[in-house]
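Structure record follows, encoded as structure tokens.
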Amino acid sequence: MFKKARSIPTELVILRILDYRTDLSEKEKQQLSKKEKGYEGELKFDTLINQLDTLVINDLLLEVGDTLFQIDTLIIFYGRIYLIDVKNFAGEYCYDTGMFKTITGSEMKDPLLQLNRCHSSLRQLLQKYGYNLPIEAYLVFINPDFTLFQPSQHPQIILPTQVNSFIKKLYKMPSKLSDKHLKLADLLVSLHKTENPYVRLPKYNYDTLKKGMTCGSCHSFDVAVSRSKLTCGDCGCEERVESAVFRHVDELRILFPDIKITTNLVYEWCKVINPKKKIRKILLKKFALHGHGKYSYFVDDSDDLV
Ligand SMILES: [Zn+2]
């Protein structure tokens with residue numbers, strides 16, 4: 001059971017939008033591709049464990065002392081906690097005496113060191129709240145195209161050919177949970193931080209972003225808008241105008257969390273919808289109008305309920 005489901009990381013959502021609304025540099029494109037692959041690997045792992053009859057908490061950002069630490073997947077079993085970091089690397093790598101390198105010799109951040117730091121922080125946090133469940137930490141390399149050369153097998157490293165037996169082991173773990181386990185899961189979810197100061201995004205601003213509606217499937221700007229439909233000239237995908245407008249409002253809100261959603265703003269962002277009052281009519285279906293006249297803006301009242 002997923003106590004906290006995985007959502008698309010905000011950093012990835014923003015990079016995806018910037019990819020079609022600006023010209024990303026090569027480095028930024030690499031950052032996007034790395035994020036896409038990482039997320040894809042995590043989803044793949046989620047699929048493998050989604051029938052586990054225990055508590056699974058995904059994507060936690062926690063703090064102990066002055067240390068922030070991120071957890072991909074945490075599984076609470078009856079007698080222990082599993083801390084799992086999924087890597088979707090492809091290609092050949094070497095791991096020896098704490099050095100993690102590509103086959104060509106470029107040294108990378110040691111993922112095992114990061115995992116063990118995370119392990120230690122989690123242990124401290126649990127002790128602070130009076131929990132002494134043992135924690136086991138594993139690094140799971142999920143991509144079948146990954147090879148790791150190492151002098152001897154490291155017990156915390158799960159290679160692609162070992163993933164199936166690792167998953168089988170998880171399904172055999174005792175999972176009868178008590179109130180104490182449920183309370184622990186609630187506690188961890190309540191301690192999750194939503195603001196991640198480590199997120200590094202390319203700089204962008206409203207004026208320089210390419211305006212216009214895009215296809216929801218392939219993000220082409222070659223779209224035609226009829227009375228009720230948006231049709232993509234590239235992939236043929238069709239979407240109701242209303243949902244396409246809401247999708248574009250979501251883009252604005254994620255790119256610029258403090259921006260005031262006004263008819264003029266959405267009109268300028270979407271470009272292809274006329275007349276302007278059609279935008280206003282659509283926005284009124286989902287958002288509440290605050291203020292008057294030219295100072296009015298739309299607010300999503302459901303945000304207040306969170
Ligand atoms: Zn398309």
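Atoms within a ligand are numbered from 1 in the order they appear, just like the ligands themselves. Everything quoted here is computed from the prediction, not taken from an experiment.
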(request) Keeping to residues at least two apart or across chains, list the ring-ring contact (aromatic ring centres under 6.0 Å, His included) pairs with something in residues 32-63. (result) none
(request) Report yes or no: do Gln156 and Tyr138 form a side-chain donor-acceptor pair below 3.5 Å? (result) no
(request) Return each pair, listed once, that meets salt bridge (charged side-chain N to carboxylate O under 4.0 Å, His left out) where at least one residue sits in residues 56-68; pairs must be two or more places apart or across chains. (result) Arg6-Asp59, Glu63-Lys193
(request) Enumerate the protein N/O/S atoms at a distance below 2.8 Å from the Zn ion (ligand 1), ignoring waters. (result) Cys215 SG, Cys218 SG, Cys232 SG, Cys235 SG
(message) Please give the remaining members of the hydrophobic cluster of Leu113, linking ILVMFWY side chains under 4.5 Å, ordered by chain and number.
(response) none
(message) Between the side chains of Lys101 and Asp96, is the shortest nitrogen-to-carboxylate-oxygen separation below 4.0 Å, so that they form an ion pair?
(response) no
(request) Could you walk me through whether Phe149 and Tyr93 pass ring-ring contact (aromatic ring centres under 6.0 Å, His included), step by step? (result) CA-CA 6 Å; Phe149 298 101; Tyr93 295 79; 9.8 Å; no
